[in-house]
Amino acid sequence: MKNTVLVTGGAGFIGSHTAVELTNAGFGVVIVDDLSNSDMGAVEGVRKITGVEIPFEKADCNSREELEQVFKKYKFNSVIHFAASKAVGESVEKPLLYYRNNVGSFVNILSLMSEYGVSNIVFSSSATVYGQPDTLPATEQTPRKPATSPYGNTKQMCEDILRDSVAAYKGLKGIALRYFNPIGAHPSALIGELPKGVPNNLVPFITQTAAGIRKELSVFGDDYNTPDGSCLRDYIDVVDLAKAHVVAVTRMIENKGKAEYEIFNIGTGVPVSVLELVNTFQKVNDVKVPYKIVGRRAGDVEAVWADTKLANNELGWKAERTLDDTLASAWAWEKHIRNIK
């Protein structure tokens, strides 16, 4: 029997790229998304890249009834759960929306998995659970800091819910992947990051500024204790990140895990500053990105990057695409959606 994976939030940025990599690796895929922060263009892009008419179900993971229809209709043995609200600033303004969307949907997924005998789940977690680590790089043993936003808190809570569920329900296995900063787009330029409204992430803001949609980019702070004064982050190519999910699902199906619940950092292990990223983008793509330095932004940590040894050694996975290639793919995607020659 072909292993089939339910990908919730599969029309989103990371979900769509993961659907491609799963299909390329021979998995069956079912995409579920409520399209609240994505659109069918991503699903069509996935189908075009893979040449497979991947099934899509419009459903809200917050609605147990809608989600159960998907569990009744399809047979799958694994779930990758991306569906979540993800803007830090918005979560501070609308905490209840984030707790309902992020925690409620995850509880629905796990309870239906238990009911329908689905064994494996990969949870889309985040490096935000580390806050500002006392020592860098962050390893999987780095203590989690109290969350600085409801968004970060939902990631910590869902990790705990997964840990407790795996301990309680026989046969359930879970892997939490803690992403650092996913960027870039598929090399085909058929799928990429498509934020609705003003982007919350740096690279779409850079590409939209380069395309003339935004007047200038704001760099939040140049007075941090870093080489150039701007924040340091670990930027991971979205295709590399997607491949980590394929490896994680395979690990559970093949019973290769060291425990029923495991956590892995998914990053490059290389810190890159905000200003370095902007300058590299300009150089690689030969375009100007007007920017100005403004005051620090509340909630931003000074520096965080991954120790990726565990993922490299245990999963046999490592980030492969260069920053230059990744930033070139982000610009190719922006040009594709804006019809820029």
Trainee: Under a single-linkage definition using a 4.5 Å side-chain heavy-atom cutoff for Ile, Leu, Val, Met, Phe, Trp and Tyr, are Phe123 and Tyr169 assigned to the same hydrophobic cluster?
Mentor: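 Yes, one cluster joins them.
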Trainee: Please confirm whether the ring centroid of Tyr179 lies under 6.0 Å from the ring centroid of His245.
Mentor: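 Yes: the rings meet the under 6.0 Å criterion.
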Trainee: Donor-acceptor pair, distance only, cut-off 3.5 Å: does the side chain of Asp33 make one with the backbone of Ala11?
Mentor: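 Answer holds: yes.
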Trainee: Salt bridge check: are Lys318 and Asp240 linked by an N-O gap of less than 4.0 Å?
Mentor: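 Not counted as a salt bridge, because no side-chain N and carboxylate O are separated by less than 4.0 Å.
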Trainee: Can you tell me how the ring of His81 sits relative to the ring of Phe106, calling it parallel under 30°, perpendicular over 60° and tilted otherwise?
Mentor: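 The arrangement is parallel - the two ring planes meet at less than 30°.
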Trainee: Hey, does Tyr261 have a side-chain heavy atom less than 4.5 Å from the side chain of Lys173?
Mentor: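 No, too far: nothing below the 4.5 Å cut-off.
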Trainee: Looking at every heavy atom in both Val29 and Thr4, which two are closest together, and how far apart are they?
Mentor: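 That would be N-CG2, 4.2 Å.
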Trainee: State yes or no: do Leu22 and Val122 share one hydrophobic cluster built from I, L, V, M, F, W and Y residues joined by side-chain heavy-atom distances below 4.5 Å, directly or via other members?
Mentor: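 They do share one cluster, since a chain of ILVMFWY contacts under 4.5 Å joins Leu22 to Val122.
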Trainee: Please say yes or no: joined through hydrophobic side-chain contacts below 4.5 Å, possibly via intermediate residues, are Trp305 and Tyr235 part of one cluster?
Mentor: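 Each belongs to a different hydrophobic cluster.
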Trainee: For residues Arg296 and Tyr224, determine if any side-chain heavy atom of one lies less than 4.5 Å from a side-chain heavy atom of the other.
Mentor: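 Side-chain contact under 4.5 Å: yes.
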Trainee: Identify the heavy atoms of Leu6 and Phe71 that sit nearest to each other, and give their distance.
Mentor: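 Minimum heavy-atom separation between Leu6 and Phe71: CD2-CE1, 4.1 Å.
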Trainee: Are Phe13 and Phe82, when compared by the centres of their aromatic rings, separated by less than 6.0 Å?
Mentor: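 For Phe13 and Phe82, the ring centres are not under 6.0 Å apart.
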Trainee: Starting at CG of Leu217, measure out to CG of Leu202 and round the result to the nearest 0.5 Å.
Mentor: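 Those atoms lie 6.0 Å apart.
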Trainee: Could you check if a side-chain atom of Ser126 sits within less than 4.5 angstrom of a side-chain atom of Lys86, using non-hydrogen atoms only?
Mentor: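 No. Closest side-chain heavy atoms not under 4.5 Å.
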Trainee: Could you tell me if Gln208 and Arg214 have a donor-acceptor pair between their side chains, going purely by distance under 3.5 Å?
Mentor: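 Yes.
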Trainee: Using a 4.5 Å cut-off on heavy atoms from C-beta on, say whether the side chain of Tyr291 contacts that of Glu216.
Mentor: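 Counting from C-beta outward, Glu216 and Tyr291 never come under 4.5 Å.
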Trainee: Is there side-chain contact between Ile161 and Val103, with at least one heavy-atom pair below 4.5 Å?
Mentor: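 Yes; the side chains approach each other to less than 4.5 Å.
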Trainee: Enter the distance from Leu327:CG to Gln282:CD here, rounded to the nearest 0.5 Å.
Mentor: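 One finds 11.0 Å between CG of Leu327 and CD of Gln282.
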Trainee: Is Glu53 paired with Lys48 through a side-chain N to carboxylate O contact shorter than 4.0 Å?
Mentor: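 So Lys48 does not pair with Glu53 through a salt bridge.
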Trainee: Go through the steps for Val46 and Val52 under the test side-chain contact (heavy atoms from CB on, under 4.5 Å), then give the verdict.
Mentor: CA-CA 8 Å; Val46 170; Val52 177; over 6 Å; no
Trainee: Determine yes or no for a side-chain-to-main-chain donor-acceptor pair under 3.5 angstrom, with Tyr98 supplying the side chain and Ala87 the backbone.
Mentor: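 It does hold such a pair.
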Trainee: May I ask you to say whether Asp160 pairs ionically with Lys155, meaning some side-chain N is under 4.0 Å from a carboxylate O?
Mentor: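 Answer for the salt bridge query: no.
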Trainee: Is atom NZ of Lys94 surrounded by more than 12 heavy atoms (other residues, nucleotides or ligands) closer than 6.0 Å?
Mentor: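 Incorrect, the count does not exceed 12.
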Trainee: Test your reading of the model: is there a side-chain donor-acceptor pair from Ser114 to the backbone of Leu110, 3.5 Å cut-off?
Mentor: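 Judged by distance alone, no pair lies under 3.5 Å.
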Trainee: Going only through I, L, V, M, F, W and Y residues with side-chain contacts under 4.5 Å, is there a path from Val284 to Val289?
Mentor: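 As far as the 4.5 Å side-chain criterion goes, Val289 and Val284 are not connected within one cluster.
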Trainee: Check for a donor-acceptor pair, side chain of Asn312 on one end and backbone N or O of Trp317 on the other, with a separation under 3.5 Å.
Mentor: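 Looks like yes, one N/O pair under 3.5 Å.
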Trainee: Which distance, rounded to the nearest 0.5 Å, do you find between the OG of Ser85 and the OH of Tyr99?
Mentor: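 Atom-to-atom, Ser85:OG and Tyr99:OH are 12.5 Å apart.
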Trainee: When you compare the side chains of Asp307 and Thr139, does any donor N or O come within less than 3.5 Å of an acceptor on the partner?
Mentor: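 No pair is found: no donor N or O on one side chain lies under 3.5 Å from an acceptor on the other.
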Trainee: Is there a donor-acceptor contact under 3.5 Å linking the side chains of Ser230 and Asp222?
Mentor: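 Side chains of Ser230 and Asp222: no pair found under 3.5 Å.
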Trainee: Report the distance from atom OG1 of Thr8 to atom CD1 of Ile121, rounding to the nearest 0.5 Å.
Mentor: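 These two atoms lie 7.5 Å from each other.
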Trainee: Just by distance, no angles: are the side chains of Glu90 and Tyr151 close enough, under 3.5 Å, to form a donor-acceptor pair?
Mentor: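 Looking only at side-chain atoms, Tyr151 and Glu90 do not form any donor-acceptor pair under 3.5 Å.
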Trainee: Give every residue pair that meets the salt bridge (charged side-chain N to carboxylate O under 4.0 Å, His left out) criterion with at least one member in residues 323-340, sequence neighbours excluded.
Mentor: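 Listed by first then second residue: Glu334-Arg338.
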Trainee: Taking atom NZ of Lys170 and atom CG of Leu172, what is their separation to the nearest 0.5 Å?
Mentor: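 Lys170 NZ to Leu172 CG: 12.0 Å, rounded to 0.5 Å.
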Trainee: Under 3.5 Å, is there a donor-acceptor pair between the Tyr130 and Asn265 side chains?
Mentor: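 Asn265 and Tyr130 do have a side-chain donor-acceptor pair below 3.5 Å.
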Trainee: For Asp237 and Val239, indicate whether the former's side chain and the latter's backbone hold a donor-acceptor pair under 3.5 Å.
Mentor: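 Yes.
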Trainee: Between Ser105 and Asn62, is there a side-chain donor-acceptor contact under 3.5 Å, judged purely by atom types and distance?
Mentor: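 No, no side-chain donor-acceptor contact under 3.5 Å.
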Trainee: Quick check against the 3.5 Å criterion: does Gln69 have a side-chain atom that pairs as donor or acceptor with the backbone of Ala59?
Mentor: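 Checking the backbone N and O of Ala59 against the side chain of Gln69, no donor-acceptor pair under 3.5 Å is found.
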Trainee: Between the side chains of Arg297 and Asp300, is the shortest nitrogen-to-carboxylate-oxygen separation below 4.0 Å, so that they form an ion pair?
Mentor: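 Answer for the salt bridge query: yes.
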Trainee: Are Ile253 and Asn120 side-chain neighbours, meaning at least one heavy-atom pair lies under 4.5 Å?
Mentor: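 In contact.
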Trainee: Quick one, Thr226 with Ser273, criterion side-chain contact (heavy atoms from CB on, under 4.5 Å). Give me CA distance, side-chain angles, the key distance, then yes/no.
Mentor: CA-CA 8 Å; Thr226 60; Ser273 78; 5.7 Å; no
Trainee: Which pairs pass salt bridge (charged side-chain N to carboxylate O under 4.0 Å, His left out) with one or both residues in residues 176-203, sequence neighbours excluded?
Mentor: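 Those involving residues 176-203 are Glu159-Arg178.
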Trainee: Spell out, as yes or no, whether a donor-acceptor pair under 3.5 Å connects the side chain of Ser329 to the backbone of Ala185.
Mentor: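 Confirmed, Ser329 side chain pairs with Ala185 backbone.
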Trainee: To the nearest 0.5 angstrom, please state how far the CG atom of Asp286 sits from the CH2 atom of Trp331.
Mentor: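 Separation between the atoms: 11.0 Å.
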Trainee: side-chain contact (heavy atoms from CB on, under 4.5 Å), that's the test. Do Phe56 and Arg47 meet it? Break it down for me.
Mentor: CA-CA 10 Å; Phe56 169 79; Arg47 289 169 174 168; 3.7 Å; yes
Trainee: Using a 4.5 Å cut-off on heavy atoms from C-beta on, say whether the side chain of Asp234 contacts that of Val304.
Mentor: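 When only atoms from C-beta onward are counted, Asp234 and Val304 do not touch, as no gap falls below 4.5 Å.
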Trainee: With a 4.5 Å limit on heavy-atom distance, are the side chains of Leu275 and Val219 in contact?
Mentor: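 Answer yes - side chains close enough.
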Trainee: So for atom CG, which belongs to Asp223, do other residues, nucleotides or ligands contribute more than 12 heavy atoms lying within a distance under 6.0 Å?
Mentor: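 Yes, the 6.0 Å shell around CG holds more than 12 heavy atoms from other groups.
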Trainee: For residues 259-284, pull every pair meeting salt bridge (charged side-chain N to carboxylate O under 4.0 Å, His left out), keeping only residues two or more places apart or in separate chains.
Mentor: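 Qualifying pairs, neighbours excluded: Arg251-Glu262.
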